[in-house]
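Working notes, beginning with the structure itself.
We use all heavy atoms of the structure for the numbers below, so side chains are in, but hydrogens, waters and symmetry mates are not. Chain identifiers are assigned alphabetically (A, B, ...) following the order of the sequence lines, protein sequences preceding nucleic acid strands; residue numbering begins at 1 within each chain.
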Amino acid sequence: MDKRPNDIQQTSIIRLGFPSISTSFGEFPIDIAAEIGCEVIKEFLNLHNETDFELILIDNDTKALNAFESKWKEIKNDLDDLKFQIKNGNLLQIKDELGIECRYIVAEITWRMKLNTNHLSKQILNTVGSKFPEEVKRLYPNPGIVGESYPVSIPKDSILHTDEGIEQVIFVVSPNMNPSRSNPVSFNEAKDLLKKTYNSMMNAFLELKNGREYYPVTIKKGNLQVNKPFSTSSSQSSLKRPLPKLGGGGWANVLFPYCQQPEIFPKSEVYCYDDESVIIYDKYPKAKKHLLVIPRKHIDNIEELKKKDLELIRKLKEKGQEMIKKMKQDNPKLDFRMGFHAIQSLKQLHMHVISQDFISPNLKNKKHWNSFTTEFFKDVEEIEKILEEQGFIKFDKAYYENLLKSSVNCHLCNMKSIKNIPNLKEHLKDHWNED
DNA sequence: GTTCTAGAAC
DNA sequence: GTTCTAGAAC
């Protein structure tokens with residue numbers, strides 16, 4: 001057979017198709033489920049105004065469709081109708097039936113990660129073939145966590161891929177309230193877990209849509225339930241899936257999980273977070289106090305900022321100022337700067353809030369030093385100014401990279417060309433011990 | 001971003 | 001001989 005041209009390729013919109021979660025097999029009350037689902041979607045759409053995606057609820061339960069429709073109408077405000085659509089249909093035949101291609105679809109799965117326990121996953125199993133459960137098992141040998149998402153690629157030769165254009169199924173372990181099925185949870189627990197499910201579903205979609213991978217949490221450090229009955233059973237072999245490597249050049253992506261799921265990190269890593277930002281301790285602080293204030297929304301780096309992001313930058317600045325105030329209470333001797341590196345190493349825009357002592361074993365080389373003490377470091381005010389006046393940011397890469405190699409000068413006195421880093425450290429100690 | 005290490009600098 | 005840096009690997 002010859003290759004079909006991409007006949008319906010006029011749009012490059014990336015779509016997520018998902019069913020009403022937990023309302024059929026999970027027996028979760030439909031009205032509340034619709035409320036929770038719509039709230040999460042609204043929050044997501046408010047946070048992400050990219051034009052490259054659409055969300056589509058596709059179900060054949062008319063009660064669920066109606067509940068979502070009326071709830072959405074009630075809360076959507078001025079959000080674009082196309083961004084979230086509600087359709088009657090079968091998730092596996094969306095293109096066939098409705099002419100809509102969803103690159104990603106969502107299906108519920110039980111915490112045992114078995115595909116044969118609900119209608120949709122059974123259908124997927126039947127369509128893709130018996131190799132598919134093996135693949136799911138290979139990727140996720142451990143029990144799933146309720147509320148978490150587990151993306152799996154659809155084989156390229158499957159008709160789901162060739163005919164429907166589905167590239168991945170995001171399996172979600174959704175809460176179950178049906179007492180005749182395993183691990184039923186109370187309504188109150190289920191409410192939180194359903195919200196968590198929708199949130200992780202959106203996070204997974206966001207990562208996949210942006211060409212990254214989504215890494216579900218497999219080992220829980222927090223207080224969420226872990227499904228012990230299965231993991232303690234002797235049938236479970238000792239093979240554990242190593243935590244996924246962060247892909248090629250993965251080190252650059254380490255900040256993403258803090259934005260996606262700040263709640264799973266211990267207090268020692270994440271200081272605090274809200275819907276808009278997360279504040280973490282720099283893993284390798286270059287001074288006595290060194291924090292990162294990061295927007296939750298994905299912004300790769302400073303050059304992606306536009307004038308409209310001034311509002312966001314000002315909010316980050318406010319957060320940073322609060323933190324400085326707190327840290328000054330602990331140690332009034334400290335001075336602070338907050339700002340951005342002209343050229344970031346790590347992906348995801350992050351604002352450094354760093355004390356100016358620079359006394360830290362992690363400050364090891366010229367690059368470290370120059371990145372915080374030359375004009376490579378851009379105070380947040382400067383970024384604000386550039387955005388206000390110019391509307392965009394573009395820094396000359398070669399110039400700034402050279403700056404990192406320039407000679408080591410003291411940031412407090414006129415001592416220039418300090419011979420090496422150990423000498424610098426001695427010099428800094430002298431400043432610190434003054435007065 | 002860090003770690004590792006060859007070889008430059010002392 | 002030891003210290004330190006710089007560049008590759010991760």
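As rounded to whole Å, 14 Å separates atom C1' of C:dA8 from atom CG of A:N365. The distance between atom NZ of A:K347 and atom P of B:dG1, rounded to the nearest whole Å, is 14 Å. Across the protein-nucleic acid pair, A:I421 atom CD1 and C:dA6 atom P stand 9 Å apart, rounded to whole Å. Protein atom CZ of A:F376 is 12 Å distant from nucleotide atom C1' of B:dG1, rounded to whole Å. The NZ-P distance, from A:K419 to B:dC10, rounds to 7 Å in whole Å. Per the geometry, CG belonging to A:N423 stands 8 Å off P belonging to C:dC4, to the nearest Å. Spacing between atom CD of A:E269 and atom C1' of B:dG1 amounts to 15 Å, rounded to whole angstrom units. Between A:I418 atom CD1 and C:dT5 atom C1' there is a gap of 16 Å when expressed in whole angstrom units.
Of the candidate nucleotides C:dC4, C:dA6, B:dG1, C:dA6 has the atom nearest to the side chain of A:K366. For A:N420, the listed nucleotide lying nearest its side chain is C:dT5; candidates were B:dG1, C:dT5, B:dT2. Of the candidate nucleotides C:dC4, B:dT2, B:dG1, B:dG1 has the atom nearest to the side chain of A:W251.
Within the 4.0 Å cut-off from OP1 or OP2 of B:dT2, at least one side-chain nitrogen or oxygen of A:H368 is found. Contact annotation: A:K286 side-chain N/O to B:dT2 OP1/OP2 distance is under 4.0 Å.
For an aromatic pair to be called close, the ring centres must be under 6.0 Å apart, and A:F395 with A:F340 fails this. Between A:Y284 and A:H368, a ring centre-to-centre spacing not shorter than 6.0 Å is recorded. For A:H290 and A:F372, the ring centers sit closer than 6.0 Å to each other.
Side-chain atoms of A:Q261 do not come within 3.5 Å of backbone N or O of A:E263 as any donor-acceptor pair.
Within the 4.0 angstrom heavy-atom criterion, only backbone atoms of the sugar-phosphate kind lie near A:K364; the bases stay farther away.
Counted within 6.0 Å of NZ on A:K267, heavy atoms from surrounding residues, nucleotides or ligands total more than 12; the atom is thus considered enclosed.
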